[in-house]
Amino acid sequence: SLRCDQTSNLCCRKDYYVDFRDIGWNDWIIKPEGYQINYCMGQCPPHVASSPGMASSSHTAVLNLIRAHNVRAGGQSCCVPTHRRPLSILYFDRNSNIVKTDIPDMIVDACGCS
Amino acid sequence: GGKPGCPSCRMPTLEPGTERRFLLELAKRQILEKLHLSERPNVTQPVPRVAIANALHHLHVGEAQRDGQLGSFAHWDGPNADELGYEIISFAKTEFSSPSSTGLRFRFSRGPGQDVHILQAQLWLYVQAPWSGLSPAMLRVSLGGALLSERQLEAQASGWHTFALLPALQAFFRGQEKTLRLELECRGCQANATAGSDAGGSHQPFLVAKATMREPGQRVAKR
């Protein structure tokens with residue numbers, strides 16, 4: 001999917017970096033110092049509905065054009081994450097033990113229309 | 001507020017200030033929820049940084065792997081989808097210390113009903129040398145008076161020794177106890193040979209374990 005820019009209001013990925021110092025959590029989270037949370041935003045008009053970002057094939061494009069001509073079949077479509085990555089984290093637990101784990105589905109990598 | 005958002009998602013376009021507040025709150029909630037924490041931990045007894053550096057160095061340098069032991073604090077093939085896989089380093093507090101024996105205390109917490117399954121467990125101990133007398137020393141690790149492991153110390157030099165403690169830790173996590181107490185006894189050693197944690201904290205004994213944790217009510221993962 002596309003990264004958001006000023007020129008389009010179509011469904012895209014908006015990048016945003018969360019620094020753990022900004023939330024005062026850098027004392028118990030040892031590594032990393034922050035992470036790309038990112039989120040999806042933008043319109044999903046009928047002709048791109050259910051297209052999974054730029055990965056859509058020509059078949060999907062034709063299907064969407066047909067759907068765009070009878071909008072009723074289109075239904076509501078939302079700009080949602082279509083691919084997310086885990087976040088590896090090293091932190092202190094309440095007993096001052098060091099814990100390392102991979103938190104699943106934390107970083108939004110790609111967006112698409114549901 | 002602001003321009004009308006995507007009508008079907010009712011997600012308004014966020015103003016910069018709102019975006020920042022919204023995303024920082026979302027990040028906090030996501031991290032606590034996925035780490036199964038009700039609130040952020042308050043680190044009341046920080047571990048000396050030099051002890052942490054020492055522990056991570058030994059785990060990463062693959063020291064234990066040279067002894068054919070486990071212990072790499074690196075990524076492994078990972079847990080099932082509905083389990084949280086994690087690795088933990090727990091630094092010992094010295095409970096008591098006499099010339100030939102030391103009591104170590106480790107603390108672990110888990111939420112109500114959380115099912116923790118220990119996959120690997122290893123105790124790292126630093127032993128001062130040389131010891132008194134000519135006969136080699138014997139280092140013994142016990143739990144509640146039951147012998148868990150013992151080792152004859154050949155080398156004359158100070159150094160780290162590792163003990164695999166999987167059965168003991170699995171039994172501990174099947175119970176509800178939060179504090180694990182180990183006793184070390186070093187026969188034929190010099191006085192305080194195992195009191196590593198007194199050496200300015202850089203040789204604090206530590207336990208390293210790999211585990212998977214399942215929340216109450218989560219479906220049993222098919223293996």
Side-chain angles (χ1 to χ4, degrees), chain A residues 4 9-11 14-31 34-46 49 74-80 84 86-108 111 113-114, chain B residues 3 5-14 19-20 22-28 30-35 37 39-47 52 55-56 59 73-75 78-79 81 84-91 93 106-110 178-179 206-213:
Chain A
C4 292
N9 65 352
L10 274 184
C11 176
K14 186 86 179 337
D15 288 352
Y16 193 90
Y17 181 76
V18 172
D19 188 320
F20 292 132
R21 282 168 299 192
D22 290 348
I23 51 181
W25 279 14
N26 54 309
D27 61 328
W28 69 279
I29 298 181
I30 305 167
K31 285 287 178 194
Y35 73 108
Q36 285 292 137
I37 187 168
N38 305 340
Y39 65 96
C40 301
M41 65 180 288
Q43 310 295 327
C44 279
Q76 294 288 359
S77 173
C78 271
C79 182
V80 293
R84 285 184 286 196
L87 173 69
S88 276
I89 190 171
L90 196 64
Y91 67 92
F92 284 113
D93 72 6
R94 75 183 86 154
N95 299 304
S96 300
N97 298 324
I98 296 181
V99 182
K100 172 186 179 292
T101 189
D102 296 335
I103 310 179
D105 296 339
M106 282 293 281
I107 300 167
V108 173
C111 303
C113 289
S114 62
Chain B
K3 292 173 290 192
C6 159
S8 57
C9 305
R10 283 172 294 287
M11 172 75 185
T13 307
L14 296 171
E19 175 190 59
R20 173 181 158 81
F22 173 77
L23 290 173
L24 293 187
E25 274 316 304
L26 178 65
K28 284 179 166 180
Q30 257 187 347
I31 290 172
L32 291 182
E33 191 179 289
K34 293 193 171 181
L35 289 180
L37 297 175
E39 58 188 358
R40 56 145 288 171
N42 281 316
V43 185
T44 52
Q45 299 170 311
V47 178
I52 296 173
L56 291 176
L59 291 171
F73 204 60
H75 191 73
L84 183 68
Y86 63 94
E87 298 162 52
I88 189 168
I89 302 181
S90 184
F91 289 92
K93 297 288 183 299
F106 301 88
R107 273 193 64 81
F108 299 96
S109 307
R110 47 209 183 280
K178 291 186 185 297
T179 303
F206 61 91
L207 254 178
V208 58
K210 285 186 179 176
T212 56
M213 191 256 287

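First the proteins, then the strands, lettered A, B, ... as listed; each starts at 1. What you see is a predicted model; the values in this text were computed from it and never measured.
By the 4.5 Å heavy-atom criterion applied to side chains, B:Ile88 and A:Asp93 are counted as neighbours. In this structure, A:Arg94 and B:Arg107 have side chains that are not in contact, with every pair of non-hydrogen atoms separated by 4.5 Å or more.
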**Request:** Kindly indicate, with the supporting measurements, whether the criterion side chain to side chain contact (heavy atoms under 4.5 Å, CB included) is fulfilled by B:Phe206 and A:Ile98.
**Result:** CA-CA 11 Å; B:Phe206 61 91; A:Ile98 296 181; over 6 Å; no
**Request:** Take A:Phe92 and B:Ile52 through the side chain to side chain contact (heavy atoms under 4.5 Å, CB included) test and state the conclusion after the steps.
**Result:** CA-CA 11 Å; A:Phe92 284 113; B:Ile52 296 173; 3.5 Å; yes
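Under the 3.5 Å distance criterion, the side-chain polar atoms of B:Lys34 are matched with a main-chain donor or acceptor of A:Asp105. No donor-acceptor pair under 3.5 Å is formed between the side chain of A:Ser96 and the backbone N or O of B:Val43.
For chain A, the option among B:Asn42, B:Leu26, B:Leu35 with the highest count of heavy-atom pairs below 4.5 Å is B:Leu35. Counting heavy-atom pairs closer than 4.5 Å to chain A, the top residue among B:Glu25, B:Lys28, B:Lys178 is B:Lys28. Of the residues considered (A:Phe20, A:Tyr35, A:Trp25), A:Trp25 shows the highest number of contacts with chain B, using heavy-atom pairs under 4.5 Å. Contact count against chain A (heavy-atom pairs under 4.5 Å) is highest for B:Leu23 among B:Leu24, B:Thr44, B:Leu37, B:Leu23.
Of the atoms belonging to A:Ile23, heavy atoms from both backbone and side chain fall under 4.5 Å from chain B. Proximity to chain A (any heavy atom under 4.5 Å) is shown, for B:Phe108, by both the backbone and the side chain. No part of B:Leu207 comes within reach of chain A, as not one of its non-hydrogen atoms sits under 4.5 angstrom from that chain.
With respect to B:Arg40 and A:Asp27, a salt bridge is recorded, a charged nitrogen being found less than 4.0 Å from a carboxylate O.
Between atom CD of residue B:Gln30 and atom CG of residue A:Leu87 there is a gap of 9.5 Å, rounded to the nearest 0.5 Å. Atom CG of A:Leu90 sits about 7.5 Å away from atom CD1 of B:Ile89, to the nearest 0.5 Å. Put simply, OH on B:Tyr86 and OH on A:Tyr91 are 7.5 Å apart, with the number rounded to the nearest 0.5 Å. To the nearest 0.5 Å, atom OG1 of residue B:Thr179 and atom CG of residue A:Asn95 are 8.0 Å apart.
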